[in-house]
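What follows is one structure encoded as structure tokens, with my remarks underneath.
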Amino acid sequence: MKIDKLGAWRRSHYSADISPELDGQEVIVFGWVQEIRDLGGLRFVILQDKNGQLQITIHKNKVVAEVVEKAKTLQKQYSIGVKGKVKTMKNAPGGVEIVPNELRIFSVSEQPLPLDITGRTKAEIDVRLDARVLDLRREENQAIFRIQHAALQAVRAFLSKQGFMEVFTPRIIVSATEGGAALFPVAYFTREAFLAQSPQLYKEQLSLDFEKVFEIGPFFRAEESHTRRHLSEFISVDIEQAFANAEDVMNVLEELIHDVCKYVADNCKRELELLGHKIVVPEIPFKRLTYREILEELENEKIHINWGEDIPTAAYRVLGKLHPYYYFITDWPTKAKAFYIKPNDDNPELSEGFDLMWHWVELSSGGARIHDKELLMKRLAEQGLSTESFKTHLATFDYGMPPHAGWGLGLARMVMVLTGVKNIREVVLFPRDQFRLTP
RNA sequence: GCCCUGGUAGUAUAGUCAGGCCUAGUAUAGGCGGCUGUCGCCCGCCCGACCCGGGUUCAAAUCCCGGCCAGGGCGCCA
């Protein structure tokens, strides 16, 4: 098979830009063969590019013989370029088609393909992930990541407008003692280091310099979680704000969620249609329920949880039925939260930590932080952590650490909500879990 | 880590409970041929599979044991 060169060809239009008004105009389009319908003397090639699909129509007697012959060799997923004339045609999809004058084949594909790129014959998630780049040819899957992109644009725009500055903290950290979740070890020259599981300590420190910071980046947890909402590598959206309390950053969070939902609903109509999903832009403020109120509600549902205990998944599922929307859970017991979460000034048994829930899924957790060094050291000790391994972190509390608060939001979980997709693996390009390290 | 369910052509499934009529059916993909308005095109022909190992039995895709792999639930999870 002779492979053509790109040469001087450059795209004149994306598929979505080809409209009946362009009738008679010569265009150059690029993309991949999605489908071929051969009617004998008439052949339809459906070309797909990043914006949609377009019909290339090859009449045996109306197209030059060279193109007719070449078009016969096309297979699904061939990467091609077409130079031709736009033709208005009521029988064609979208009322328009391309009549080719010249066809270039840039790359061929192996047949049969490992999965059906049209999606008509469904493939299991495992098969799909093994051939992920092919799986991502499907418009529904591309829609998920365009929605993620839109959400990220909205996040950056909103936080920047609110005066937050984007920062990057280290992925390689030295201490394995930040908290409960297991860390991945890394060989760091002659020493052992770890992949960061959160930007927590660094973003707190940076609140001392920049007051309002945010970070969007990957973090790593070596948990043997086997669920549809956990991965070993995940993208977290984090903020930290100086001179603020829990309520202040909860306000930021709910306004952010509102903005993101609105932006995606307004700007991703085609994507949402492809996914068959509707976004209901939530009203703010979100409902705030205290931990105690949650326990009482669960008690009414015949689920007993002792005060101070964490809430098991089954109980969260019940809560999700009672509150099928976004809501905060506040006033968690101090002992159920991380060492850096600030205890309430009046009642230190309770903390200023919160979770943002959507139905039964935790999207975000955050709170006011301890900025008093003595108290922080006391909390470390209570949780069985050594102050020695937090020495460099604790030192920053001697330099005028302001009162501060913040949260971390799981990007993929947010995208699951925005797309209606039920498995986190589907909303991550190349997901990593306990059992999957490739592709 | 514990538990449940499953593994049949490239993909997706039927068949397994009640072993034999399964030289394993169907759809789709793929190959060849035909077809000038398809849009899940259509028609004909063809190709192609019982996860691996052991056992029970006259007989195993089907039952049993072990292994590997996968999906899911729980737990874990700043």
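The chains referred to below are lettered A, B, ... by the order of the sequence lines, with proteins before strands, and numbering in each begins at 1.
Side-chain contact, A/S19 with A/E21: a donor N or O sits under 3.5 Å from an acceptor N or O.
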Protein and nucleotides 46-52 of chain B: nitrogen or oxygen contacts under 3.5 angstrom:
none

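For the pair A/K50 and A/Y14, the cation-pi criterion (under 6.0 Å, within 45° of the ring axis) is fulfilled. A/F164 carries A/K212 over the face of its six-membered ring, with the cationic atom under 6.0 Å from the centre and within 45° of the normal.
Of all nucleotides listed (B/G31, B/C76, B/G75), B/G31 comes nearest to the side chain of A/Q75. For A/S225, whose side chain is taken as the heavy atoms from C-beta onward, the closest listed nucleotide among B/G73, B/A70, B/C76 is B/C76. For A/H226, the listed nucleotide lying nearest its side chain is B/C74; candidates were B/G37, B/G30, B/C74. With distances taken from any side-chain atom of A/T121 to the nucleotides B/G37, B/A70, B/U28, the minimum falls on B/U28. In this structure, of B/G37, B/C74, B/G10, it is B/G37 that holds the atom nearest to the side chain of A/E97. Nearest to the side-chain atoms of A/R228 among the listed nucleotides B/G75, B/G37, B/G73 stands B/G73. Checked against B/C41, B/G31, B/G37, the side chain of A/R120 finds its nearest nucleotide in B/C41. Nearest nucleotide to the side chain of A/F44, out of B/U38, B/C76, B/G72: B/U38. Side-chain proximity of A/P93 to B/G40, B/U38, B/A70: nearest is B/U38. Checked against B/G37, B/G30, B/G71, the side chain of A/D126 finds its nearest nucleotide in B/G71.
Within the 4.0 angstrom heavy-atom criterion, only backbone atoms of the sugar-phosphate kind lie near A/N423; the bases stay farther away. Nucleic acid contact for A/K337: none, since no nucleic acid atom lies under 4.0 Å from a heavy atom of the residue. Residue-level contact check: A/A314 touches neither bases nor backbone, having no heavy atom under 4.0 Å from any strand.
Residue A/K122 contributes atom NZ, which lies 12 Å from atom C1' of B/U28 at whole-angstrom precision. For the pair A/K62 NZ and B/U36 P, the interatomic distance rounds to 13 Å; values are reported in whole Å. Taking atom CG on A/L39 and atom P on B/C43, their separation rounds to 13 Å, with Å as the unit. As rounded to whole Å, 14 Å separates atom C1' of B/C74 from atom CD of A/E224. Summarising the geometry, the separation between CG on A/L113 and C1' on B/A29 is reported as 8 Å, rounded to the nearest angstrom.
For A/Y188 and A/F194, the ring centers sit 6.0 Å or farther from each other. The aromatic ring centres of A/F286 and A/Y327 sit 6.0 Å or more apart. Ring-centre distance between A/Y202 and A/H393: not below the 6.0 Å cut-off.
Comparing A/Q111 and A/K87 along RNA chain B, the residue whose closest nucleotide (by nearest heavy atom) sits nearer the 5' end is A/Q111.
The aromatic rings of A/F234 and A/F219 sit tilted relative to each other, their planes meeting at an angle between 30° and 60°. A tilted orientation is assigned to the rings of A/F435 and A/H226, their planes being inclined by 30° to 60°.
The base of B/U38 sits within donor-acceptor range of the side chain of A/Q55, with an N or O pair under 3.5 Å.
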